[in-house]
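Notes follow once the structure below has been shown.
Throughout, a chain's letter reflects where its sequence line sits, starting with A, and its residues are numbered from 1.
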Amino acid sequence: SCGGNSQEGGSDLSGSIQIDGSSTVYPITEAVAEEYRAEAPEVKVTVGVSGTGGGMKKFTRGEIDIVNASRSMNASEEQTAGENGISFVQLSVAYDGLTVVVHPENDWVKDITVAELKKIWEPEAQGTIMRWNQIRPEWPDQEIHLYGAGVESGTYDYFTEAIVGKSHSSRGDYTASEDDNVLVQGVSTDPLALGFFGYAYYEENKSKLKAVPVNDENDSNGAGAILPSLETVKNGSYAPLSRPLFIYVSSKAVAKPEVVDFVNFYLDNAGDLSEEVGYIRLPDNLYKEQKQKFQQFATGGATANKQ
Amino acid sequence: MRVQEKIIESLLWLSAAITILITISIVWVLLSESVLFFSEVSLVRFLTEKEWTPLFADKKFGILPLVAGTFLTTVIAIAVALPIGLTIAIYLNEYAHARFKTYIKPLLEVLATIPTVVYGFFALTVVTPFLQSFIPGLAGFNALSAGIVMGIMIIPMISSLSEDAISAVPRSLREAAYGMGSTRLQTAFGVMVPAASSGILVSVILAISRAVGETMIVAIAAGQQPRLTLNPFVPIETITTYIVQVSLGDVPHGSLEYRTIFAAGMTLFVFTFILNNLSFWIKKKYQEKYD
Amino acid sequence: MTNSEKNRLKDKAFQVFGVFCTFIGLVVLAIFLIDIVIEGIARIDWDFLTSLPSRRAASAGILTAWAGTIWILILSALIAFPLGIAAGVYLEEYAKKTKLSNFLEINIANLAGVPSIIYGLLGLELFVRFMKLGGSLLAGALTLSLLILPIIIVTTREAIRAVPRTIRDGSFALGASKWQTVWYQVLPSSFGGILTGVILALSRAVGEAAPLIVIGALAYVPFVPSSPMDEFTVLPIQIFNWTSRPQAAFLTNAAAAIIILLLITFLLNGVAVYLRHRQQKKIKW
Amino acid sequence: MKKPSKLEAINLDAYYGDFHALKSINVAMEEKAVTAFIGPSGCGKSTFLRTFNRMNDYIDGFRIDGQILLDGRDIYANDVQVDELRKEVGMVFQKPNPFPKSIFENVVYGLRIQGIKDKKILQETCEKSLRQAAIWDEVKDKLDKSALALSGGQQQRLCIARALAIQPSVILMDEPASALDPISSAKIEELIYELKKDYTIVIVTHNMQQAGRVSDYTAFFYMGELVEYAKTKTMFTSPHDTRTQNYITGRFG
Amino acid sequence: MKKPSKLEAINLDAYYGDFHALKSINVAMEEKAVTAFIGPSGCGKSTFLRTFNRMNDYIDGFRIDGQILLDGRDIYANDVQVDELRKEVGMVFQKPNPFPKSIFENVVYGLRIQGIKDKKILQETCEKSLRQAAIWDEVKDKLDKSALALSGGQQQRLCIARALAIQPSVILMDEPASALDPISSAKIEELIYELKKDYTIVIVTHNMQQAGRVSDYTAFFYMGELVEYAKTKTMFTSPHDTRTQNYITGRFG
Ligand SMILES: Nc1ncnc2c1ncn2[C@@H]1O[C@H](COP(=O)(O)OP(=O)(O)OP(=O)(O)O)[C@@H](O)[C@H]1O
Ligand SMILES: Nc1ncnc2c1ncn2[C@@H]1O[C@H](COP(=O)(O)OP(=O)(O)OP(=O)(O)O)[C@@H](O)[C@H]1O
Ligand SMILES: [Mg+2]
Ligand SMILES: [Mg+2]
Ligand SMILES: O=P([O-])([O-])[O-]
């Protein structure tokens with residue numbers, strides 16, 4: 001699936017590329033980096049998983065070349081970047097449907113509304129909403145165990161924004177991890193669990209998890225509760241939890257030819273690879289657009305601090 | 001030549017003095033970041049609030065849930081390791097053949113040499129599923145299985161140190177007991193264990209200290225949810241896990257969130273420091289007793 | 001039943017319980033090892049040892065992890081070995097029983113008991129941030145060196161203490177200086193014991209994950225480090241990483257990596273035990 | 001026919017693993033008499049003494065051939081319970097070894113482990129034994145104080161009292177006075193003299209003068225062999241064997 | 001005027017921390033004679049012996065008052081180098097303590113640490129010393145074998161050879177024969193007899209007979225005091241002090 005239309009091998013490139021950030025995007029970038037090894041064996045690509053927030057901090061301080069992000073850069077991060085003389089370009093690489101999951105043995109949750117999710121996750125719920133029947137009376141009188149993204153993750157920001165209504169605002173008494181694998185582990189082994197994370201992680205572990213259809217009580221984008229899937233994410237009916245995934249490349253980094261080569265390779269293969277790891281590809285023309293945008297940035301648009 | 005002697009001695013002294021430097025660095029690192037932390041969060045809040053959500057919108061800075069998690073796993077571990085370890089120590093001392101002892105002791109110590117990630121894997125993939133087969137409500141992450149596995153890991157610590165302590169009791173006391181017609185059991189519990197009690201205590205304290213500071217087992221198997229509970233069946237979070245969790249997320253340098261790991265680290269350090277000194281102090285006193 | 005019959009019965013009962021306790025730990029260990037081997041052994045082949053990490057469990061390997069582990073092992077040894085021995089020699093042969101030496105002793109006992117994750121915090125501030133070494137091999141090795149230093153010091157002291165007083169007296173009585181005595185008599189005689197201690201300490205370092213996580217060792221490092229300033233990962237971190245993945249295939253990888261890690265640890269421990277054994281046999285004072 | 005002997009060794013060999021520590025020892029010891037074992041260090045005195053109450057049982061690799069008879073019964077026979085045997089054959093060691101408990105608890109330890117709880121019996125036995133061991137007057141006011149606070153000589157007499165409390169008929173003593181100062185040492189010697197009225201006593205000593213003063217019979221051991229066994233007076237004035245003579249006159253040891 | 005003494009202690013007090021181990025000792029020892037120190041265990045014999053080559057220097061808390069003169073020079077004076085002193089005053093210990101090296105290396109150790117590398121000198125010294133220590137014939141064919149493979153008695157003579165190799169004028173011996181079998185012990189005694197032609201020898205022993213056989217003078221110590229110092233014959237036949245008498249006749253110790 002890889003490297004079909006990229007440059008003539010480019011294998012004489014060397015150097016290193018540091019990437020960090022979102023765990024949601026990580027599987028895509030990991031896949032790209034792995035395929036890129038065949039392309040340019042001498043280029044050392046390292047990928048960390050600090051969550052979008054953690055990655056952004058490093059990125060805006062100029063410590064890394066590329067940041068994986070499951071949300072857009074926020075104002076304060078932009079400001080830090082500016083202070084450090086770093087300009088950047090944002091490139092979309094795939095779609096994700098943030099998935100709400102429960103344990104497969106959970107036979108009471110058939111669907112859930114956004115309002116109910118808000119009731120569970122808003123800061124006021126901390127220490128008070130502790131049992132299933134507090135959400136819907138017909139649900140059992142048992143403890144609810146919550147698993148969700150950690151505060152450094154873009155998923156967390158996106159989820160709180162979309163559900164609670166305010167970014168970075170939620171209860172704190174749940175199992176929070178930047179590493180979605182931990183959340184999968186937790187939900188898949190805990191019958192009283194409810195959690196959320198990127199679609200790819202659900203897709204990979206379907207057999208151990210049960211996705212919950214989400215009802216946004218807005219019939220204009222599809223009536224009733226909707227399960228995330230290729231279809232529903234692409235056509236936007238899985239709202240409000242569908243979202244784009246990004247990488248950001250810094251102006252400093254594009255000075256390195258290996259970075260330029262890598263990003264081009266990334267955009268060439270993002271469609272196939274994101275699908276392979278369980279995300280939803282962008283329409284082809286969008287990838288083209290991204291490439292152009294990057295080309296511009298790389299060849300002199302370094303001043304254009306544009307998204 | 002005498003100058004050379006002096007130079008060598010100074011170099012050696014310097015190497016030894018580095019250990020003091022290390023301690024100072026540890027304390028300095030923990031203190032300097034914690035001081036900044038406590039300039040924003042009062043010590044009273046830190047010690048009395050019942051929730052630990054420093055990373056969230058509604059920030060609560062009560063260390064108690066983490067302490068409770070640490071306490072819970074430690075208690076479970078000691079509950080496993082103490083009876084088994086002590087029985088082994090007594091058995092090896094009073095009952096087993098010397099030859100058996102020379103083989104079994106190093107074998108037992110293998111338990112202590114296995115890396116703790118490996119124990120974490122064991123707890124998560126073997127012990128938890130096994131326990132779930134007869135404890136229905138048991139969550140995938142829980143204090144129980146982490147504690148049990150940790151207990152297995154520290155068995156040799158208790159058995160070896162206690163065994164040393166019991167062996168250090170002068171032979172003459174054991175002979176006195178036998179000479180009076182005591183059985184081995186009576187000798188062990190009536191004479192040897194009381195006489196070695198301080199050494200046994202030292203082993204237990206060190207084991208506690210070890211359990212308190214243990215990281216990977218709990219990080220893998222006990223969960224990551226700070227919860228003020230003594231229920232061993234649900235996910236909890238220990239002080240050490242919290243530090244790992246935050247480190248994995250790479251909270252940026254200089255933020256309050258970053259400092260929380262140093263405040264947590266300080267708490268951990270204080271606990272283990274007290275325990276270690278206590279054991280050291282008891283050991284000193286006890287060594288004098290038999291010299 | 002008379003009292004002494006009762007006593008004898010209790011005695012027997014405890015004996016049975018003693019055997020049970022002695023073996024329960026070993027049995028659990030055995031179950032565990034067998035479980036790991038069953039799960040992981042089939043996964044180990046040449047490819048597994050020589051492949052870079054991959055998103056596909058089936059093609060992922062541990063090359064970078066074990067290479068990182070070997071790097072860390074060697075670097076830590078180079079740093080901690082001379083320091084530890086020098087400190088041990090000072091404390092055992094030179095230090096007078098003053099307040100200071102007493103303090104040094106308590107201090108070292110304390111350091112030995114400081115949880116490894118605290119060393120991680122120290123390394124994070126001191127090496128990663130202050131000395132700007134980043135998440136490099138050198139930062140990792142320095143951190144672990146501090147961690148094992150107390151262990152090396154303590155075992156060095158024990159080994160030195162096992163050299164009988166009479167040997168030192170013999171040397172002094174022939175007009176040897178302190179350092180001559182240490183160099184010609186004490187160190188050669190205790191070298192086996194010291195080496196044993198160093199190896200045991202290294203086997204501890206090999207298994208550590210927590211402090212390296214804290215200083216920021218990375219998850220995805222698809223190259224073998226070629227200098228101490230390179231980023232790295234080690235086996236325990238790779239295992240931790242795979243263990244936390246829910247897919248069964250990665251757990252298999254974790255089990256396979258555990259087998260390799262255990263082989264390294266057992267090998268180190270085996271060498272140490274062998275050395276100690278040989279030492280005990282060779283020298284009878 | 002001569003008086004039946006209290007203790008007797010018949011063709012006794014003893015081994016520590018491969019090491020042959022005692023070589024076909026034959027000896028019979030008279031009731032209510034003091035027998036002293038002398039000989040250079042390592043010759044097997046302690047080993048032999050300890051076969052009489054089977055104290056060597058727990059030493060790995062130790063084994064014996066031959067028989068030890070107590071009142072004519074083989075104490076290594078299968079049906080003999082060691083704990084019962086040791087109630088019959090008390091022992092006092094070289095270094096005073098009181099338990100780290102009170103004086104009272106030390107003396108009654110042997111009764112307690114037999115399950116005796118009756119306060120009155122315990123107290124009576126305690127007083128009686130301490131009196132017999134000639135230490136009652138020195139400790140009667142501090143029975144609940146730690147035994148470790150006593151002087152070495154007092155501790156040793158306490159250990160003797162402790163042994164007497166379970167009413168043995170034989171008392172084995174392994175260099176009981178060698179760790180003591182001259183005055184305490186003299187007291188122990190006196191005590192032995194008193195005790196032999198009621199008990200059969202076997203004592204190991206490396207002090208020839210002491211052997212001469214306290215014992216009725218003396219056995220001289222050399223490298224695991226019993227070289228000479230005779231009335232003490234005879235042995236010291238006209239030893240048969242040259243090794244005995246050399247030893248007694250201090251040629252070696 | 002009498003012959004000047006080789007070693008002399010003047011008003012010597014010695015302390016281990018608070019413990020007063022030697023109490024104002026005054027004694028002068030004659031050149032090329034053997035002086036024996038006797039006394040019960042712990043009376044200070046070894047402590048005193050070790051002040052002559054300052055072996056106690058490394059013991060924490062040890063200090064002395066008073067003077068020790070070697071050939072009239074205070075060996076505790078500031079300008080005295082301990083290593084030089086120890087080349088002058090050799091020492092042999094209770095337990096043979098050969099280094100875990102070859103026999104050859106043991107003997108020449110003292111030369112090596114002085115920086116002597118000349119193969120010939122080393123070999124000559126080695127042979128000469130081993131001959132003097134009456135062990136040459138037994139080891140000449142295995143000089144490169146480990147010294148630990150020798151018997152105890154051979155090891156002890158090797159240690160004496162080692163001490164002789166650096167050509168001291170005084171040899172201190174702390175119970176040099178007590179860990180040995182009678183035959184080796186006798187050999188060491190003979191050797192001492194030979195050596196006193198060239199060396200001043202001070203020997204600690206707990207064996208009265210040995211003291212009687214080998215020494216010209218005897219010093220009896222008791223609880224840190226020098227109770228009596230006299231020609232050996234005089235001391236053993238008519239001791240002045242009752243403590244000396246008691247000790248010699250085996251009343252205690
Ligand atoms: N537990 C043991 N294992 C092996 N050998 C032993 C053991 N105990 C004693 N021996 C050996 O058996 C021999 C006799 O020892 P024993 O203690 O009976 O001597 P002893 O005459 O009492 O000497 P001492 O006067 O020094 O007490 C010695 O050579 C000793 O080394
Ligand atoms: N390093 C030390 N620290 C403290 N006290 C010591 C030390 N060495 C010896 N002593 C004490 O000093 C006293 C004299 O000891 P020393 O070794 O000189 O006796 P000794 O006459 O040689 O006895 P032995 O015949 O047992 O060798 C003893 O009471 C001993 O306990
Ligand atoms: Mg003995
Ligand atoms: Mg001495
Ligand atoms: O994608 P995130 O890891 O930032 O949630």
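The contact between Val126(B) and chain C is made entirely by side chain atoms (from C-beta outward), counting heavy-atom distances below 4.5 Å. In this structure, the portion of Glu33(B) lying under 4.5 Å from any heavy atom of chain C is its side chain and not its backbone. Using a 4.5 Å cut-off between heavy atoms, Leu107(B) contacts chain C through both its backbone and its side chain. Only the side chain of Phe23(C) comes within less than 4.5 Å of a heavy atom of chain B; its backbone N, CA, C and O stay farther away. Contact of Ser209(B) with chain C is made through the side chain alone, with heavy-atom distances under 4.5 Å. With a threshold of 4.5 angstrom between heavy atoms, Phe273(B) approaches chain C through its backbone and through its side chain. With a 4.5 Å cut-off on non-hydrogen atoms, Ile104(B) touches chain C through its side chain but not through its backbone. Contacts of Ala255(C) with chain B are made by both backbone and side-chain atoms, with heavy-atom separations under 4.5 Å. In this structure, the portions of Ser25(B) lying under 4.5 Å from any heavy atom of chain C include both its backbone and its side chain. Using a 4.5 Å cut-off between heavy atoms, Phe20(C) makes no contact with chain B at all. Of the two parts of Gln186(B), only the side chain, counted from C-beta on, holds a non-hydrogen atom closer than 4.5 Å to a non-hydrogen atom of chain C. With a 4.5 angstrom heavy-atom cutoff, Glu105(C) touches chain B via backbone and side-chain atoms both. Only the side chain of Ile152(B) comes within contact range of chain C, with heavy atoms under 4.5 Å apart. Both the backbone and the side chain of Leu108(B) come within contact range of chain C, each with at least one heavy atom under 4.5 Å from a heavy atom of that chain. For Leu14(B), no part sits under 4.5 Å from any heavy atom of chain C, backbone or side chain. At a 4.5 Å heavy-atom cutoff, the contact between Ile36(C) and chain B is made by side-chain atoms alone. Heavy atoms of Phe271(B) lying under 4.5 Å from chain C are absent altogether.
Remark: Phe100(B) CZ is packed, more than 12 non-hydrogen atoms of other residues, nucleotides or ligands lying under 6.0 Å away.
Just one residue in the list Thr19(B), Ile22(B), Leu21(B) forms a side-chain contact (heavy atoms from CB on, under 4.5 Å) with Leu146(C), and that residue is Ile22(B). For the side-chain contact (heavy atoms from CB on, under 4.5 Å) test with Ile118(C), the passing option among Thr240(B), Val29(B), Thr215(B), Ile26(B) is Ile26(B); the others fail.
Ranked by heavy-atom pairs shorter than 4.5 Å toward chain B, the options Leu200(C), Ile153(C), Asp35(C), Ile258(C) are led by Ile258(C). The greatest number of non-hydrogen atom pairs below 4.5 Å with chain B, out of Val273(C), Asn110(C), Ile213(C), Leu29(C), is found for Asn110(C). Most heavy-atom pairs under 4.5 Å with chain C: of the set Thr272(B), Val212(B), Thr87(B), Leu30(B), this distinction falls to Thr87(B). When each of Leu111(C), Ile24(C), Thr265(C), Leu83(C) is checked for heavy-atom pairs under 4.5 Å with chain B, Leu111(C) comes out on top. Between chain B and the options Ile108(C), Leu91(C), Ile239(C), Val89(C), heavy-atom pairs under 4.5 Å are most frequent for Ile108(C).
Across Arg129(C) and Tyr258(B), no two heavy atoms sit closer than the pair NE-OH, 3.1 Å. Of all the heavy atoms in Thr243(C) and Phe121(B), the pair that sits closest is OG1-CD1, 3.5 Å. Of all non-hydrogen atoms in Met216(B) and Ala210(C), the two that sit nearest each other are SD-N, 3.6 Å.
Under the 4.5 Å side-chain criterion, counting only non-hydrogen atoms from C-beta, Trp13(B) is in contact with Leu100(C). Looking at Val110(B) and Phe266(C), their side chains come closer than 4.5 Å, going by heavy atoms from C-beta outward. Residues Leu268(B) and Pro115(C) have side chains in contact (heavy-atom distance under 4.5 Å, counting atoms from C-beta outward). Counting heavy atoms from C-beta outward, Phe269(B) and Ile117(C) have side chains that stay 4.5 Å or more apart. Put simply, the side chain of Phe262(B) reaches to within 4.5 Å of the side chain of Glu125(C), judged on heavy atoms. Proximity of Val117(B) to Leu261(C): side-chain heavy atoms (C-beta onward) are separated by under 4.5 Å at one or more points. Taking the side chain as every heavy atom from C-beta outward, Pro115(B) and Val206(C) never approach each other to under 4.5 Å. Using a 4.5 Å heavy-atom threshold, the side chains of Ile106(C) and Trp281(B) count as separate.
Thr23(B) and Asn107(C) share a donor-acceptor pair across their side chains, judged by distance under 3.5 Å alone.
Here OG1 of Thr113(B) is found 10.0 Å from CG of Leu268(C). Values are rounded to the nearest 0.5 Å. Atom CH2 in Trp179(C) sits 9.0 Å away from atom CD in Glu5(B) (nearest 0.5 Å). Here the OG atom belonging to Ser15(B) is positioned 10.5 Å from the CD1 atom belonging to Ile85(C), to the nearest 0.5 angstrom. Atom OG of Ser116(C) and atom CZ of Arg210(B) lie 8.0 Å apart (nearest 0.5 Å). In this structure, OG1 in Thr22(C) is found 10.0 Å from CD1 in Ile155(B), a value given to the nearest 0.5 Å. With rounding to the nearest 0.5 angstrom, the OG1 atom of Thr125(B) is 7.0 Å from the CZ atom of Phe32(C).
Ring pair Phe14(C)/Phe189(B) is perpendicular by interplanar angle, where above 60° counts as perpendicular and below 30° as parallel.
The backbone N or O of Leu185(B) sits less than 3.5 Å from a side-chain atom of Asp11(C), completing a donor-acceptor pair.
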Full working for side-chain contact (heavy atoms from CB on, under 4.5 Å) between Ile20(B) and Phe103(C): CA-CA 9 Å; Ile20(B) 295 185; Phe103(C) 175 70; 3.7 Å; yes

Working for side-chain contact (heavy atoms from CB on, under 4.5 Å), residues Lys12(C) and Arg184(B): CA-CA 9 Å; Lys12(C) 279 277 168 241; Arg184(B) 292 171 293 186; 3.9 Å; yes

